[in-house]
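Okay, so here's the structure we're looking at.
If you're wondering where the values come from, they're calculated on a predicted model, not measured in any experiment. Throughout, a chain's letter reflects where its sequence line sits, starting with A, and its residues are numbered from 1.
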Number of protein chains: 2
Amino acid sequence: MKQITKHNIRNSLRRIFLYHGLLVRLNSMGVTRVFSYTLAEGTGVTPEQVRKDFSEYGIRGNRRGGYITASLLSEIEALFNRDWISNVILVGMGNLGQALSKYGQFIKRGINIVATFDVDPYKQKVRAENCVYPPGRLQEIIDRFSVKVAIIAVPDISAQDVCNELVSMGIRGIVNFSPVLLKVPVYVVVNNVNLCDEIESVILSVYRMKEEQSLFL
Amino acid sequence: MKQITKHNIRNSLRRIFLYHGLLVRLNSMGVTRVFSYTLAEGTGVTPEQVRKDFSEYGIRGNRRGGYITASLLSEIEALFNRDWISNVILVGMGNLGQALSKYGQFIKRGINIVATFDVDPYKQKVRAENCVYPPGRLQEIIDRFSVKVAIIAVPDISAQDVCNELVSMGIRGIVNFSPVLLKVPVYVVVNNVNLCDEIESVILSVYRMKEEQSLFL
DNA sequence: TATGTTTTGTGATTTGTTTCACATTAACAA
DNA sequence: TTGTTAATGTGAAACAAATCACAAAACATA
Ligand SMILES: NC(=O)c1ccc[n+]([C@@H]2O[C@H](COP(=O)([O-])OP(=O)(O)OC[C@H]3O[C@@H](n4cnc5c(N)ncnc54)[C@H](O)[C@@H]3O)[C@@H](O)[C@H]2O)c1
Ligand SMILES: NC(=O)c1ccc[n+]([C@@H]2O[C@H](COP(=O)([O-])OP(=O)(O)OC[C@H]3O[C@@H](n4cnc5c(N)ncnc54)[C@H](O)[C@@H]3O)[C@@H](O)[C@H]2O)c1
């Protein structure tokens, strides 16, 4: 079982996503050159870290002129080698699934949700423009669009079953929004996004800060 | 500026959230005792790591009997010291905001969304049961419920403005779903949850695995 | 009460990541 | 040309996290 969690995916790559997101925005604002400190400032890391990260993946700038935004962007995208694999499906069109499926900015980042699925026949006709398929058509769509990555937004009870089915149909990467640890074969990658944990961690940090401050009083 | 990101919050705490989530489920299933390997198995870390994490926060089990589920849970919750700070507000009732506000499981984790806000007058009456307030009433609600933590789910353009306003009204922790790095004073904690990055990281990992495999062919 | 077994708890070690310090380079100005 | 400056690039050092290895405790059983 290979789980990508905060620790399992190279930290440097995680940061390179951050740089990429920022670069997309800078580029669309007409910024043609960026420096390690530009990226550092905008992503909250140090300039040395930015350079070291690029260094690790053989991305190089100009010793005085920094980096050319457009070519840096395409170098990062080449690193990701995104095009052949960016078709994604979404299973579970409840609250969260619907929110994700309506989000228009994914395509700007090269993420193309080609189809969505739900067991509930009522959900299957929620939006005609963005057709929701029954799970029976999973294999057909996965094959037709060469889908390798799926987003799971079903209740925790169903998550493992859905996961097994997807893997047996050729899915090799899963973004899992349900709060369970999915069991998958070694050749499948899972990223668990636990929104409760994200919120709890802030609540806790606020508490910790309060505590630390009170040490000085 | 204090940003909590993947690197800035203690890793051990991040894992303790995982254990907590699992414990909540085990406890509701009637499991009364857990061992370091139970938690390890269910969260994808090693048993030694689990013990070391608890050790770091002074949580101790019985040298043969493992940990009592219920008391472990309350020890973790005591560590979080959650009660005085768990009221949360949500700003931005678009796709994502609505999904979050409808999620029924937050309260089980001690996260209580006391009110939601949106500038759009149409959104303000979407659901009568879960009233959506205009931003003009932020201060009143923040004070009334002693809210210290807010979730931002507004478009990236508005995110910094909303953030500034919230901080000036006493908010000390922010979960930010917009893809911008918020600038906040040192005493405010920010957790950026970037869903695009989460999906992209899986796409990339799948690609990497393919690449590694092909080395053996 | 002695003995074996299971599981925790933790110092020591290894492994991984970030920061530091500075050599290197490109651009520009005089 | 020849400094001077503003950047990058990277080995070394410092730091942080994870794993290992085993002592200590608790319990069961005879
Ligand atoms: N909504 C949130 O804000 C939020 C927050 C944290 C975690 N989550 C987690 O995300 C997941 C989805 O949350 P939600 O609020 O959208 O839940 P939901 O109950 O609103 O939606 C789940 C959807 O999955 C569908 N479904 C169930 N079994 C299925 C199957 N086998 N195949 C296909 N579809 C199936 C259901 O018909 C339903 O439409 C849950 O695991 C939840 O715990 C959600
Ligand atoms: N929906 C997704 O799946 C998704 C995925 C990745 C990132 N995001 C990010 O999350 C954020 C929200 O996404 P969304 O899809 O819900 O957007 P959305 O446009 O559907 O909703 C944004 C809401 O915020 C409200 N708003 C705008 N300015 C406001 C202000 N100053 N005060 C209060 N409310 C205000 C708008 O009226 C709208 O209802 C965006 O920043 C988006 O980039 C969303």
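- Put simply, CD1 on Ile68(A) is 14 Å from P on dA7(D), counting in whole angstrom units.
- The side chain to side chain contact (heavy atoms under 4.5 Å, CB included) check on Asn62(B) picks up Ile68(B), with sequence neighbours excluded.
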Could you run down the sub-3.5 Å N/O contacts of the protein with nucleotides 12-16 of chain D?
unit_1	atom_1	unit_2	atom_2	d
dA12(D)	N6	Lys52(A)	NZ	3.4

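- For the pair Leu72(A) CG and dA7(D) C1', the interatomic distance rounds to 15 Å; values are reported in whole Å.
- At whole-Å resolution of the value, OH in Tyr57(A) and C1' in dT17(C) are 13 Å apart.
- Evaluation of the side-chain hydrogen bond (donor to acceptor under 3.5 Å, both in side chains) test over residues 28-40 of chain B, restricted to residues two or more places apart or in two chains, returns Ser36(B)-Arg51(B).
- Applying the side chain to side chain contact (heavy atoms under 4.5 Å, CB included) criterion to Ser55(B), with sequence neighbours excluded, gives no partner residue.
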Compile the donor-acceptor pairs under 3.5 Å between side chains in residues 160-167 of chain B and protein atoms, sequence neighbours left out, one pair per line.
unit_1	atom_1	unit_2	atom_2	d
Gln160(B)	OE1	Lys183(B)	N	2.9
Gln160(B)	NE2	Asn164(B)	OD1	2.8
Gln160(B)	NE2	Lys183(B)	O	3.0
Asn164(B)	ND2	Gln160(B)	O	3.4

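- An OP1 or OP2 oxygen of dT7(C) is reached within less than 4.0 angstrom by no side-chain nitrogen or oxygen of Ser36(B).
- Summarising the geometry, the separation between CD on Glu48(A) and P on dC22(C) is reported as 14 Å, rounded to the nearest angstrom.
- Here Tyr67(B) lies in heavy-atom contact (under 4.0 Å) with sugar-phosphate atoms only.
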TODO: Any chance you could list the contact pattern along nucleotides 22-30 of chain D? Use B for base contacts, S for sugar-phosphate-only contacts and - for none, protein heavy atoms under 4.0 Å, 5' to 3'.
DONE: -BBBBB---
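- Arg14(A) and Asp197(B) are not joined by a salt bridge, as no carboxylate oxygen comes within less than 4.0 angstrom of a charged side-chain nitrogen.
- With sequence neighbours left out, Arg144(A) forms a side chain to side chain donor-acceptor pair (under 3.5 Å) with Glu140(A).
- Put simply, CD on Glu56(A) is 12 Å from P on dG16(C), counting in whole angstrom units.
- Residue Phe35(B) places its side chain closer to dT7(C) than to any other of dT10(D), dT7(C), dT8(D).
- The nearest whole Å value for the distance from the CD atom in Glu75(B) to the P atom in dG9(C) is 10 Å.
- Residues that satisfy the side chain to side chain contact (heavy atoms under 4.5 Å, CB included) test with Asn95(A), not counting sequence neighbours, are Ala99(B), Lys102(B).
- One atom, CG of Asp53(A), and another, P of dT8(D), lie 13 Å apart when rounded to the nearest Å.
- Between the P atom of dT17(C) and the CZ atom of Arg15(A) lies a distance of 9 Å, rounded to the nearest Å.
- Distance CG/Asn194(A) to OG/Ser178(A): 8.5 Å, rounded to 0.5 Å.
- Between Gln49(B) and Tyr37(A), the residue anchored closer to the 5' end of DNA chain D is Tyr37(A), taking for each the nucleotide with the nearest heavy atom.
- Applying the side chain to side chain contact (heavy atoms under 4.5 Å, CB included) criterion to Thr46(A), with sequence neighbours excluded, gives Glu48(A), Gln49(A).
- Within the 4.0 Å cut-off from OP1 or OP2 of dG9(C), not a single side-chain nitrogen or oxygen of Ser55(B) is found.
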